[in-house]
S.K.: 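Sharing a structure, written as structure tokens. Questions coming.
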Amino acid sequence: MNNQKEKISALIISYNEIGYIEKCVESVSFADEIVVVDSYSTDGTYEYLKAHPKVRVIQHPFSNFTLQKSFALKQATNDWILFLDADEIVTEGLKTEIQQTVASDTDVVAYWFYRKFMFQNSPLHFSGWQTDKNYRLFRKSKAKFSDKKIVHETLDVDGKSGVFTEKLMHYCYKDYEDYKGKMLRYGRLKAKESFYREKQFNYASLVAKPLWKFFNHFIIRLGFLDGKKGVIISYLNALSDLERYRELKKLEKKNELAYYLLMP
């Protein structure tokens with residue numbers, strides 16, 4: 001039995017998160033260190049973090065989520081990592097489960113967290129998010145972010161994984177324009193990911209994929225039971241897929257133009 005107390009590094013990446021980052025930081029105040037990597041916020045997020053006595057904030061330019069999170073991971077001084085998005089909150093029950101797990105001398109090296117999605121201040125029960133889970137607690141020495149994805153980043157884990165009982169609160173939806181902007185950015189990053197993997201644009205995908213995304217979230221994943229919230233979330237998720245294929249088409253045209261310009 002290891003009698004030395006295991007320490008936790010809480011890591012967060014941020015960009016213009018005033019209104020959410022405060023609650024996120026407060027919810028991880030039990031961690032032994034809190035490191036936030038900010039991609040040059042303009043809404044006061046950086047100033048808030050810099051003034052916070054428990055936070056070490058580092059500004060770093062954003063290329064994609066995988067690179068930003070990998071950079072943040074390198075800043076941690078402890079092996080146990082609690083990695084959150086700026087709009088996520090650790091509840092008291094989840095805090096207790098985290099602390100008990102880290103103190104238990106477990107041989108599990110990474111834990112999945114289920115998330116409860118919040119539409120402004122009310123829960124979103126369906127719309128495709130009811131089974132969503134992500135790695136949020138893991139040993140730095142046993143995990144790294146996969147270089148195969150630049151959005152919806154995933155961990156490559158060397159060892160056993162576990163699942164937590166308590167859920168992480170995810171305040172994903174501030175307002176319509178904010179969520180729309182987020183979905184469009186995700187779509188553009190997914191387009192880059194597809195382009196790097198040499199996946200080619202076609203009009204069938206431009207039409208079919210967004211329609212399928214809406215149908216899947218709203219009908220199959222029971223978004224209609226969330227009422228108006230389900231319509232909005234399903235539509236904006238479909239819009240993200242539409243933007244993905246529109247952007248992929250643009251990237252291919254730019255690549256073709258560059259090729260012809262470089263021809264002798």
Side-chain angles (χ1 to χ4, degrees), residues 2 4-39 41 44-60 62 65-106 108-116 118 132-145 152-155 157 159 161-172:
N2 182 6
Q4 186 175 352
K5 178 182 179 291
E6 294 270 18
K7 292 185 176 181
I8 302 172
S9 293
L11 304 181
I12 306 164
I13 64 170
S14 69
Y15 176 70
N16 287 353
E17 294 289 353
I18 281 294
Y20 285 94
I21 190 72
E22 302 94 327
K23 292 179 181 178
C24 179
V25 168
E26 182 183 345
S27 78
V28 296
S29 60
F30 63 91
D32 298 281
E33 72 169 349
I34 303 172
V35 180
V36 183
V37 175
D38 180 72
S39 48
S41 291
T45 296
Y46 175 71
E47 288 75 15
Y48 161 75
L49 294 168
K50 195 171 183 181
H52 198 291
K54 293 195 70 174
V55 172
R56 176 160 58 95
V57 60
I58 302 161
Q59 288 192 304
H60 187 261
F62 182 90
F65 288 99
T66 295
L67 288 177
Q68 196 76 342
K69 289 195 171 184
S70 295
F71 174 81
L73 189 55
K74 291 176 183 176
Q75 314 311 312
T77 58
N78 301 311
D79 194 35
W80 276 112
I81 305 296
L82 175 61
F83 213 132
L84 300 187
D85 291 340
D87 56 2
E88 294 175 337
I89 293 176
V90 174
T91 64
E92 282 298 315
L94 183 54
K95 168 188 169 182
T96 300
E97 191 170 7
I98 291 168
Q99 290 176 316
Q100 290 176 346
T101 299
V102 169
S104 69
D105 200 27
T106 177
V108 176
V109 300
Y111 288 89
W112 295 96
F113 286 18
Y114 281 100
R115 296 192 291 179
K116 181 182 284 293
M118 301 297 290
D132 174 81
K133 68 181 188 298
N134 299 89
Y135 281 120
R136 286 293 182 258
L137 182 72
F138 56 90
R139 285 194 178 275
K140 179 181 177 181
S141 58
K142 297 293 184 178
K144 65 178 182 178
F145 288 102
H152 300 311
E153 61 289 340
T154 56
L155 276 181
V157 176
S161 294
V163 183
F164 270 30
T165 302
E166 296 289 332
K167 290 186 177 182
L168 188 67
M169 301 292 286
H170 184 199
Y171 287 83
C172 62

S.K.: Are any of the side-chain heavy atoms of Gln59 and Lys50 separated by less than 4.5 Å?
M.R.: no
S.K.: Give me each pair satisfying side chain to side chain donor-acceptor pair (under 3.5 Å) with a member in residues 92-102, each pair once, sequence neighbours excluded.
M.R.: none
S.K.: Looking at Tyr46, is its backbone amide N or carbonyl O close enough to the side chain of Ser41 to form a donor-acceptor pair, meaning the two atoms are under 3.5 Å apart?
M.R.: no
S.K.: Can you name the residues that form a side-chain contact (heavy atoms from CB on, under 4.5 Å) with Lys144, not counting sequence neighbours?
M.R.: Asp156
S.K.: Mind listing the closest non-hydrogen atom pair of Ala10 and Ala31 along with its distance?
M.R.: CB-CB, 3.7 Å
S.K.: Where is the tightest heavy-atom contact between Val108 and Gly162, given as atom of each residue plus distance?
M.R.: CG1-N, 3.4 Å
S.K.: By side chain to side chain donor-acceptor pair (under 3.5 Å), which residues pair with Ser14, not counting sequence neighbours?
M.R.: Asp38
S.K.: Which one of Phe164, Phe113, Tyr114, Trp112 satisfies the ring pair (Phe, Tyr, Trp, His ring centres under 6.0 Å) criterion with Tyr135?
M.R.: Trp112
S.K.: Contact between Ile89 and Met118 at the side-chain level, heavy atoms closer than 4.5 Å - yes or no?
M.R.: no
S.K.: I need the Ile8 CD1 to Phe30 CZ distance, nearest 0.5 Å.
M.R.: 5.5 Å
S.K.: As an exercise, state the distance from OG of Ser27 to CG of Leu168, rounded to the nearest 0.5 Å.
M.R.: 7.5 Å
S.K.: To the nearest 0.5 angstrom, please state how far the CG atom of Asn134 sits from the CG atom of Leu84.
M.R.: 10.5 Å
S.K.: Does Ile21 form a side chain to side chain contact (heavy atoms under 4.5 Å, CB included) with Tyr48? I'd like the steps, not just the answer.
M.R.: CA-CA 9 Å; Ile21 190 72; Tyr48 161 75; 4.0 Å; yes
S.K.: Looking at CG of Leu11 and CG of Asn78, how far apart are the two atoms once the value is rounded to the nearest 0.5 Å?
M.R.: 9.5 Å
S.K.: Do side-chain atoms of Glu22 reach the backbone of Tyr20 as a donor and acceptor pair under 3.5 angstrom?
M.R.: yes
S.K.: Using a 6.0 Å cut-off, check whether atom NZ of Lys7 has over 12 heavy atoms from anything other than its own residue.
M.R.: no
S.K.: For Glu47, is the CD atom crowded, meaning more than 12 foreign heavy atoms sit under 6.0 Å from it?
M.R.: yes
S.K.: Restricting to ring-ring contact (aromatic ring centres under 6.0 Å, His included), what partner residues turn up for Phe62, sequence neighbours left out?
M.R.: Phe65
S.K.: Can you tell me if Gln75 uses its side chain to pair, donor with acceptor, with the backbone of Val35 under 3.5 Å?
M.R.: no
S.K.: Do Val37 and Ile12 have side chains that approach each other closer than 4.5 Å (heavy atoms only, starting at C-beta)?
M.R.: no
S.K.: If you measure from OG on Ser141 to CD1 on Ile81, what distance do you get to the nearest 0.5 Å?
M.R.: 9.0 Å
S.K.: Going by the angle between their ring planes, with limits at 30° and 60°, are Phe145 and Phe83 parallel, tilted or perpendicular?
M.R.: perpendicular
S.K.: Taking atom NZ as the centre, does Lys23 end up with more than 12 heavy-atom neighbours from other residues, nucleotides or ligands that are less than 6.0 angstrom away?
M.R.: no
S.K.: So, Lys142 side chain and Ala110 main chain: donor-acceptor pair closer than 3.5 Å or not?
M.R.: no
S.K.: Quick one: are Thr45 and Tyr15 in side-chain contact, heavy atoms under 4.5 Å?
M.R.: no
S.K.: In chain order, what residues pass the side-chain contact (heavy atoms from CB on, under 4.5 Å) check against Asp85, with sequence neighbours excluded?
M.R.: Lys69, Asp87, Glu88, Arg115, Arg136
S.K.: Within this structure, what is the OG-NZ distance for the pair Ser9 and Lys140, rounded to the nearest 0.5 Å?
M.R.: 7.5 Å
S.K.: For Phe71, what residues pass the ring-ring contact (aromatic ring centres under 6.0 Å, His included) criterion, not counting sequence neighbours?
M.R.: His60
